[in-house]
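Take a look at the structure set out below.
Both backbone and side-chain heavy atoms feed into the values below; hydrogens, waters and symmetry mates do not. Since we're looking at a predicted model, the values are computed, not measured.
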Amino acid sequence: MWVRAKEKIQLKASQDDCQITYSAQKGSKWTAHHEPDVVPSLPWRIQHRYFNVRLNEARFQELFEEIDFED
């Protein structure tokens with residue numbers, strides 16, 4: 001399904017020797033895939049080009065809304 005960011009968000013991931021930051025603009029379009037069998041605690045995978053993020057249900061609902069492909 002297609003989803004849109006509800007607000008501007010900054011997604012961060014870090015390890016001891018590395019930090020990755022990605023800013024998603026309000027209204028940016030992503031594809032969303034519900035994959036609870038892959039990572040049960042993080043069932044949603046959202047993708048924007050080659051960038052993939054896994055989210056739990058509450059965070060997914062907070063940040064994204066479903067849209068029609070034509071939007």
Side-chain angles (χ1 to χ4, degrees):
M1 93 171 81
W2 284 93
V3 294
R4 175 187 348 241
K6 291 181 180 179
E7 59 188 50
K8 182 178 178 178
I9 54 176
Q10 189 171 59
L11 304 165
K12 296 180 186 178
S14 64
Q15 296 177 318
D16 292 339
D17 61 348
C18 177
Q19 180 178 355
I20 300 168
T21 305
Y22 184 85
S23 293
Q25 300 301 315
K26 179 179 180 178
S28 61
K29 294 179 183 177
W30 298 65
T31 55
H33 310 272
H34 192 250
E35 303 171 334
D37 54 324
V38 177
V39 181
S41 62
L42 302 170
W44 285 99
R45 177 173 59 90
I46 56 167
Q47 181 179 14
H48 183 71
R49 297 190 180 150
Y50 300 107
F51 189 67
N52 288 281
V53 177
R54 287 208 167 269
L55 298 169
N56 65 25
E57 184 70 34
R59 192 70 169 143
F60 175 77
Q61 295 298 328
E62 177 185 339
L63 298 176
F64 293 93
E65 61 188 355
E66 187 174 358
I67 58 171
D68 290 330
F69 182 73
E70 292 80 28
D71 283 356

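- One distance of note links CG of D68 with CZ of R4; it measures 9.0 Å at 0.5 Å rounding.
- No single ILVMFWY cluster, assembled from side-chain heavy atoms under 4.5 Å apart, contains both V39 and F60.
- Ring geometry for Y22 against F51 counts as parallel: the plane angle stays under 30°, on a 0 to 90° scale with 60° as the upper cut.
- No more than 12 heavy atoms of other residues, nucleotides or ligands sit less than 6.0 Å from atom NZ of K8.
- For the atom pair NZ (K6) and OG (S28), the distance works out to 13.5 Å, reported to the nearest 0.5 Å.
- Atom CD of E65 has more than 12 heavy atoms from other residues, nucleotides or ligands within 6.0 Å.
- Residue P43 comes nearest to N56 through the heavy atom pair CD-CA, 3.9 Å, listed as atom of the first residue, atom of the second, then distance.
- Shortest non-hydrogen contact noted between C18 and I20 is SG-CG1, 4.1 Å.
- The CH2 atom of W30 lies 12.5 Å from the CD1 atom of I67; values are rounded to the nearest 0.5 Å.
- Judged purely by atom type and a 3.5 angstrom limit, R54 uses its side chain to pair as donor or acceptor with the backbone of L42.
- In the hydrophobic clustering of this structure, I9 does not group with W2; members are Ile, Leu, Val, Met, Phe, Trp, Tyr whose side-chain heavy atoms approach within less than 4.5 Å, directly or through other members.
- Aromatic pair W44/H34: ring centres closer than 6.0 Å.
- A donor-acceptor pair is defined here as one N or O able to donate and one able to accept, closer than 3.5 Å; such a pair exists between the side chain of Q47 and the backbone of R49.
- The nearest pair of heavy atoms linking Q25 to A5 is O-CB, 3.6 Å.
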